[in-house]
Structures are given as C-alpha cells and as structure tokens.
Amino acid sequence: RKFTKNLLENSMKKIRKKIIVSGIVQGVGFRPFIYKLAKKHNLTGFVFNSLIGVEIEAQGTKTNLDKFIENIKKNHPPQSKVDAVLVENIKLKTCKNFQIKFSNSKTQNSTIIPHDLATCKDCEKEIFAKNNRRYLYPFTNCTNCGPRFTIVNGLPYDRQKTSMKSFKMCKLCQKEYDDPFDRRFHAQPNACNVCGPKIWLEIGNKKYKGNEALLKSAKLIKQGKIIALKSLGGFQFACDSQNFSSVKKLRTRKKRPDKPFALMVSDIKMAEKFCYINKKEKEILTSSQSPIVMLKKRKDIEGIAPNLNTFGIMLAYTPIHKILFASGIKNPLIMTSANKSEEPICISNEIAKKDLKNIADGFLMHDRPIVNRCDDSVVFELNGNMHTIRYARGLAPQKINLPFKLKQPTLATGANKTGSFVLGRDNFAILSQYIGDLDIVENQKFYKESLANMQNFLKIKPKNFASDTHPEYFTSQLFKKTTRTQHHLSHILSVMAENSLKDPVIGLSFDGTGLGEDNSIWGGEFLIINKNNWQRAGYLKPIKMPGGDKAVSEIWRLTLSWIYEIFGDKWIRFRHLFKDITKQELTICINMVKKNINSPKTSSIGRLFDAVSYLADADKKISYQAQAAMELEAKYNKKPKKSYKFDILNTNKKFILDASPVFKEIIKNRDKGQEVSEKFHLGLALASVEIANKISLKTGIKIVCLSGGVFQNKVLLELMIKELEKKGFEVYTNKIIPSNDAGVGLGQIFNNRRKLKL
C-alpha cells in the first residue's frame with residue numbers, strides 16, 4: 001500500500017522542463033500546435049520563437065509531460081521538420097496557464113529560415129468561395145502556406161522582420177493572428193483585401209486594379225500576349241503554351257532559341273493530358289514545395305521543349321496563378337523566369353518595367369516587396385527518390401546535418417557556372433538558393449547580396465573559408481586565405497556529406513569541366529577517397545578541344561578532334577560528316593589540333609556526350625548548357641540488346657576509359673540517332689561499372705558515390721545504379737543537394753575540415 005501510495009504521489013507530483021525544438025519549426029504553425037498540445041495535457045508554462053528554434057517551458061505531471069514530448073516528436077505540423085528535441089529539468093515556477101510569448105532574438109545560435117510553401121487546400125477553398133471575405137484575394141495564406149524565405153529580412157521569423165511589416169492588419173485579420181486556435185495564428189504574411197498587398201496590371205498607359213487586373217491578364221494571355229507576373233521569388237513571363245506565335249515571340253524577344261520552357265498547369269488532370277505521371281511524381285508535384293518536375297511527354301506541344309522527350313511541369317502554387325487559371329485559361333501556361341538572358345530573376349517593379357519592357361506586353365505587379373529572390377526549383381524522380389537539378393523555391397534554404405562537427409563557422413564559396421554557397425557551423429550546413437552563372441556581373445552582385453542576407457539571418461560570421469582550386473573563378477577570388485579543394489573531389493565529398501558516409505569510397509565524378517591537378521580540364525574521373533588522402537584511379541582518355549570554350553557551343557569541333565585522334569590525316573575521308581561546316585573552318589580546326597594552338601585537353605564525359613551527339617544529329621547548334629547531352633538522352637527509348645564497346649587501358653597504374661572504338665563503330669555503321677543514344681548510354685554505363693569493379697578488386701572498397709552534372713541524365717544514372725548494384729556495390733548519389741556544380745560547396749566544407757591530400 002505504501003509503495004502504491006508513493007507511486008501515485010510521484011505520478012501526481014508536478015515537475016518543470018525546458019524543451020528546445022530545432023529544425024523547420026517557425027512559420028509552420030508550430031507554436032499554436034504546442035499551445036493546443038499543452039492545453040490537452042493540462043500543462044502550464046510558455047512557448048516562444050528564438051534564434052535556436054522553438055523554446056518551451058512546460059510544467060505538469062511527469063506522465064503528461066512525457067506524452068507532451070512524445071507528441072512533439074511524432075505528431076508535429078505537416079510542414080515542419082523536427083531535427084532535435086532537447087529536454088532538461090528546471091525549477092518549478094508559479095504559473096496558472098500556458099502562454100505564447102513574444103520571440104526572443106538575443107541568443108547567438110540560429111534556427112532554419114522557413115521556405116516558401118504552395119497554397120494549401122483550405123486557402124484555395126476560401127479564395128473561390130463567393131461568401132468568403134477572401135474571395136479571389138491573390139495574397140491569401142495561413143500558417144500552412146504562403147511566402148516565407150522570399151519575404152524574410154531577419155530572424156526569428158516574425159512579421160516585423162518581413163516585408164509585410166508595412167501592412168497593418170485590419171481588426172478581423174488581427175483577431176485571426178491573435179487566436180491560438182485559428183489557422184492563421186501568427187501567420188506572419190496574414191492579410192486580406194482590406195489591409196494587405198494590392199495587385200494591378202499595367203499595359204501601355206492603362207492600369208487595372210484588383211480582380212479586374214487578373215481577369216484582364218488572363219484575357220490578354222488568351223489573346224497571345226506575354227505578361228510579366230510578379231510571383232513569390234521574382235517575376236515570371238506567362239503566355240499561352242499552345243499559341244505557337246506567342247511562344248515564338250517569347251523565344252525571339254528573350255533570345256532563347258531552343259532552351260526548354262517550364263509549364264504551369266492548373267491541376268494534375270491538366271498535367272496528365274500532356275505527361276505520364278507516376279505515384280511519386282504526383283506526390284512531388286502536389287507537395288507544399290511544388291517544384292518543377294521533369295516528366296515524360298505523353299503529347300507534345302510545339303516550341304516548348306524542342307528535341308526533348310520531357311516537359312518541366314509545375315502546379316499553380318500561388319493564389320495569383322490559381323485565379324488566372326480560374327479566369328478562363330484552359331491550356332498550360334509557359335511560366336519562365338523573367339530576366340535578361342542569364343541574369344538574375346527580376347524582383348523590383350521598377351527594374352522589371354525598365355529591363356523587361358522589350359519582352360513583356362504587360363506587367364502584373366503587386367506592392368509586397370520581395371526580399372530574397374528565388375527561382376523555381378527543378379527536380380526529377382528516380383527509383384522512388386527525388387533528385388534536385390535546381391535548388392530554389394520551396395527547397396531552399398534547408399538544413400543539412402553534417403556527419404561531423406565544424407570547429408569554426410565556415411563558408412564554402414562553391415563553383416562558378418552554377419553558383420551557390422554553403423554556410424556551416426557546428427554540425428549543420430545551409431546551402432543557398434540557385435544563383436546562376438557567376439561569369440555574369442549581375443549574378444555576382446546577386447551572390448554577394450544573398451550571402452550577406454544569409455549571414456545576417458543565421459548570425460554566422462565565417463572564420464574558415466573553402467573554395468575551388470580554379471584560380472580564375474569569381475568564387476575562388478573572394479578570400480585569400482582559403483582551403484582549396486579540387487572540383488571533382490568536391491562533387492564526391494558532397495555525396496559523402498549528404499549521406500553521412502564514412503570512407504573509404506570509390507567516386508565517379510562526371511561533369512562538363514573542372515580544373516584538374518595537372519592543370520588540364522577534368523570531367524570523367526574515377527577517384528578513391530581514404531581517411532587522409534584521395535587519388536585519381538582512372539579517367540576518360542583526354543581529347544583536345546580546338547578553340548577552347550568555343551568547342552562547347554560548336555560541338556563539331558570535339559567530334560573532329562576525336563576523329564583526328566583516331567585516324568590522323570585520314571580524317572578527310574569523313575568530311576561528309578561535317579556537311580554544314582566550311583572547308584576553311586575544318587582546316588583551321590585541324591591545324592589547331594596538330595600544332596596544339598588553343599586546344600586544351602579534357603577528360604570530360606560532358607564533352608564526350610557532345611561529340612557523340614553531333615554524330616547522332618549532324619547539324620547540331622548549341623544555344624544552352626548541356627543541350628547536346630539532353631537531346632541525346634531524349635533519343636533513348638529502351639535498353640538495347642547490344643552496346644558500343646569502350647576500351648579500358650591500364651596506364652601508369654591508372655584505368656583509362658577510351659572511347660575510340662565507340663566513334664569507329666558509329667562512323668562505320670552510321671546508326672540512327674536512337675540507336676546511337678541507346679548503345680552509347682549502355683556502353684558508357686557498363687564500361688564505367690567495369691572500371692569501378694576493377695578498382696574495387698584492387699582496394700576491397702564496395703561503396704560507390706556518383707556525382708557531377710552528367711548524373712542529371714536520368715537514363716545514365718538509372719543504368720549505372722542498376723549495373724553497380726548487380727556487382728554488389730552500395731551506391732549513393734546526391735538527392736536534395738544538386739549533383740551539378742551548385743552542390744560542390746558542401747564537398748568543400750567537408751574537405752575544409754579534413755584537408756585530404758593527393
């Protein structure tokens with residue numbers, strides 16, 4: 001009886017705990033969730049946002065507190081992500097209820113910046129309910145959706161630290177905001193037509209406001225006009241995808257002859273009319289991130305994605321987009337970044353009108369400032385996993401847990417062609433949004449602007465710096481004292497960091513370009529990474545690039561270089577393969593190769609794809625990055641019975657992948673484009689796996705990491721994974737982190753700590 005009595009007394013005895021929840025826990029309805037949970041379990045205390053995350057002090061019985069903490073871990077809001085729940089016992093305090101307190105910004109650590117969320121179903125219902133006060137209001141949102149990162153200028157995430165600060169809430173909105181049981185409790189962008197941002201359309205000297213602006217925009221789009229639309233992270237060009245004259249006009253004005261346009265659809269049914277969609281792809285499309293998803297074409301639309309077998313599809317993700325479709329638009333809309341060619345997406349009304357006046361016929365704008373510009377994310381699905389191509393809206397910024405602890409705050413500056421940076425501290429890193437080609441001055445300004453903002457948000461002052469070994473990169477020149485990491489090593493280390501892998505591993509790093517340790521251009525690398533060192537165990541046979549960078553856009557130069565490498569002066573027998581190239585151009589090119597004039601060597605798999613693609617479609621003219629490789633991939637229909645055979649040489653204890661037999665076979669049999677694609681993809685996969693297996697037999701390593709821009713090729717990636725797994729390898733890839741150059745910063749952070757030696 002005494003034991004039972006003591007047990008009962010202890011169970012009823014009150015205790016107090018301090019609970020710190022870190023992760024994506026701000027701007028996602030976490031505090032009202034905690035408030036309701038505390039009420040449910042008869043707890044007193046308080047909760048508030050801090051730079052650490054969400055801090056809670058809760059007081060009650062041990063049983064109730066245990067249930068409370070368990071629910072935080074297991075049943076938190078759907079848009080949140082809990083990384084850690086730290087609990088400690090503290091002294092009892094006198095308190096009668098549970099409160100939500102004002103945020104605390106005095107602590108030194110930082111939380112995660114919440115990313116933008118697509119319009120939720122509850123808000124969508126309100127937008128189209130005629131008796132609702134938010135009927136057709138284009139800035140409707142709640143704690144489950146709406147702008148986040150793109151309007152934030154400080155942390156903790158509170159209204160006064162967003163671009164909504166200047167919009168004073170009306171009584172009804174304030175009531176929602178203050179009510180812990182309301183869906184809009186502390187929804188920082190909360191607004192309505194009375195008190196919130198306003199929308200208008202400018203076309204020529206005419207101006208249309210509110211719903212009339214949206215109706216007029218929809219009408220103009222149906223008439224074939226191009227509208228510059230201010231969205232979440234910047235302006236977008238919108239036009240009717242099935243009006244070919246409108247599409248052609250956009251291509252001409254934007255100076256974008258071939259690069260595919262993204263399509264926006266009203267719903268899954270519209271997407272399914274034009275694309276095949278599996279269960280996972282549907283899940284990604286309809287997620288709160290709502291990225292552009294690469295989907296296989298079911299029905300083509302002229303001029304949208306020329307010579308490709310996929311469309312980039314996204315669902316209407318803001319109220320503005322949804323109202324446009326509801327205003328009579330029945331076709332998918334082209335929805336592409338509104339900018340000058342290769343420059344950052346426009347975010348300012350005035351700059352957009354100035355810079356885009358020769359492209360857009362009208363401007364659909366609003367007065368909610370965009371703080372952080374952010375393009376649309378692009379992903380594809382493979383084997384049930386999402387793989388990121390462009391890391392931006394809905395994904396960025398995101399916390400990446402590191403498999404180690406950084407001694408000091410660190411900045412990795414990334415690479416150049418697909419710019420981004422990584423900030424790291426303690427055991428986490430944050431990858432910035434996609435920035436773009438850093439050879440362009442305006443993108444360099446965007447980079448510096450984003451870096452300053454992110455450092456301010458996260459309260460990180462880097463003391464260590466990491467960069468690429470290429471001395472001429474913009475990112476390599478930012479800091480003198482920096483740990484430099486070879487480009488292709490960074491790719492593989494990014495996979496190790498993302499997947500929390502321990503060495504040793506074999507790394508296959510395939511991309512377009514990167515400075516090698518011998519000062520040549522690498523890009524087809526087989527690496528071994530051990531605890532304290534790394535080595536180049538194999539590579540694609542190097543070939544000369546006559547004209548240097550010119551060979552990237554004029555890919556016939558690479559094909560000619562391979563033919564000369566194989567046949568020498570007998571190359572002239574294959575003059576017919578270059579029907580659109582003048583005799584003078586061919587002669588100059590051959591002399592450059594012979595005399596080694598402006599003809600750097602490259603082992604790049606990306607350049608190999610270019611050379612093969614030219615033979616598969618001999619009048620190729622390149623107008624955007626990776627065009628030839630993407631079009632060659634699009635010709636792949638099914639796994640062939642036979643593949644092209646590569647030679648594998650063993651020179652100076654390194655395995656050399658020689659593509660000479662491939663070119664001989666293609667030239668000899670002149671296969672059609674589809675056959676070239678299928679035999680080449682399979683042949684490259686089989687030969688690469690064979691080299692990986694040879695390295696494994698020598699070293700005993702059975703873990704393989706795949707990274708580099710070439711592995712955005714879904715066909716090659718899938719073939720490689722299957723063939724490697726057949727050989728008994730554990731295969732790891734980038735998923736959330738892009739495999740292209742946007743992901744190398746994570747590898748640089750990894751090496752900044754380890755400092756691997758060649």
Side-chain angles (χ1 to χ4, degrees), residues 203 217-218 220-231 234-265 274-275 292 294-295 297 299-314 321 324 329-346 351-364 375-376 378 389-390 392 434 436-437 440 442-443 552-555 580 610 613 617 619-635:
I203 182 160
S217 295
L220 290 169
I221 288 170
K222 288 190 287 183
Q223 290 173 354
K225 301 295 185 183
I226 298 166
I227 299 297
L229 178 159
K230 189 177 182 182
S231 185
F235 276 80
Q236 298 167 315
F237 289 125
C239 70
D240 186 348
S241 67
Q242 294 189 291
N243 184 328
F244 183 67
S245 63
S246 182
V247 175
K248 190 176 179 182
K249 183 169 62 176
L250 179 57
R251 287 203 176 279
T252 301
R253 291 179 181 179
K254 205 169 187 284
K255 298 176 182 177
R256 186 171 171 169
D258 303 299
K259 192 174 181 180
F261 286 128
L263 293 176
M264 177 176 279
V265 295
F274 298 93
C275 298
I292 297 169
M294 302 309 299
L295 301 171
K297 291 179 182 177
K299 177 184 176 183
D300 201 10
I301 305 174
E302 186 179 5
I304 303 302
N307 302 316
L308 301 181
N309 64 349
T310 56
F311 284 133
I313 300 281
M314 60 181 150
H321 297 125
L324 274 178
I329 291 176
K330 304 299 181 185
N331 298 328
L333 292 177
I334 285 179
M335 199 65 67
T336 190
S337 308
N339 54 358
K340 288 182 178 178
S341 183
E342 302 302 325
E343 289 189 3
I345 188 170
C346 286
I351 291 175
K353 287 194 289 183
K354 175 177 170 287
D355 287 357
L356 309 177
K357 62 184 178 182
N358 295 324
I359 304 174
D361 297 310
F363 292 84
L364 183 61
D375 225 313
D376 292 313
V378 182
I389 296 174
R390 186 164 70 197
Y434 165 82
D437 186 348
I440 295 169
E442 291 303 315
N443 287 334
V552 178
S553 57
E554 297 180 8
I555 60 175
D580 294 326
D610 290 342
S613 179
D617 187 11
D619 59 352
K620 187 74 64 194
K621 292 180 181 178
I622 301 304
S623 65
Y624 65 90
Q625 187 180 2
Q627 179 181 351
M630 289 168 66
E631 292 185 9
L632 187 64
E633 179 190 3
K635 289 181 172 67

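All values below were derived from every heavy atom in this structure, side-chain atoms included, with hydrogens, water molecules and symmetry-related copies excluded.
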Using modelled atom types only, decide if a donor and an acceptor are shared between the side chain of [X] and the backbone of [Y] within a distance under 3.5 Å.
| X | Y | value |
| --- | --- | --- |
| D361 | I226 | yes |
| K249 | G224 | yes |
| D240 | Q242 | yes |

Between S337 and D375, does any side-chain donor sit less than 3.5 Å from a side-chain acceptor? yes
Side-chain donor-acceptor contact under 3.5 Å, N339 with K254: yes
Quick one, [X] and [Y] - any side-chain contact, counting heavy atoms below 4.5 Å?
| X | Y | answer |
| --- | --- | --- |
| E343 | I440 | yes |
| L229 | S217 | no |
| F274 | I313 | no |
| S246 | K225 | no |
| M630 | L308 | yes |

Answer yes or no: does atom NZ of K635 have more than 12 heavy-atom neighbours from other residues, nucleotides or ligands under 6.0 Å? yes
For [X] and [Y], which heavy atoms make the closest approach, and how far apart are they?
| X | Y | value |
| --- | --- | --- |
| A360 | F237 | CB-CE2, 4.0 Å |
| V378 | M294 | CG1-SD, 3.9 Å |
| I304 | V247 | CD1-CG2, 4.0 Å |
| R256 | R251 | O-NH1, 2.8 Å |
| N443 | G436 | ND2-C, 4.0 Å |
| D610 | A629 | OD1-N, 4.3 Å |

Holding to side chain to side chain contact (heavy atoms under 4.5 Å, CB included), I want the full list of residues that pass it with D376, two or more places apart in sequence or in another chain. Q236, I292, M314, Y317, R390, R393
Could you work out, with side chain to side chain contact (heavy atoms under 4.5 Å, CB included) as the rule, every residue matching Q627, not counting sequence neighbours? D258, I622, S623, Y624, E631
Take L333 and L263 through the side-chain contact (heavy atoms from CB on, under 4.5 Å) test and state the conclusion after the steps. CA-CA 6 Å; L333 292 177; L263 293 176; over 6 Å; no
Show, in sequence, the C-alpha distance, side-chain angles and deciding distance for I301 and F311, and conclude whether the side-chain contact (heavy atoms from CB on, under 4.5 Å) test is met. CA-CA 9 Å; I301 305 174; F311 284 133; 4.0 Å; yes
Roughly how far apart are [X] [atom1] and [Y] [atom2], rounded to 0.5 Å?
| X | Y | atom1 | atom2 | value |
| --- | --- | --- | --- | --- |
| F363 | K357 | CZ | NZ | 9.5 Å |
| C346 | K340 | SG | NZ | 8.5 Å |
| D437 | S341 | CG | OG | 10.0 Å |
| I227 | M335 | CD1 | CE | 10.5 Å |
| C239 | L220 | SG | CG | 12.5 Å |
| I221 | L324 | CD1 | CG | 5.5 Å |

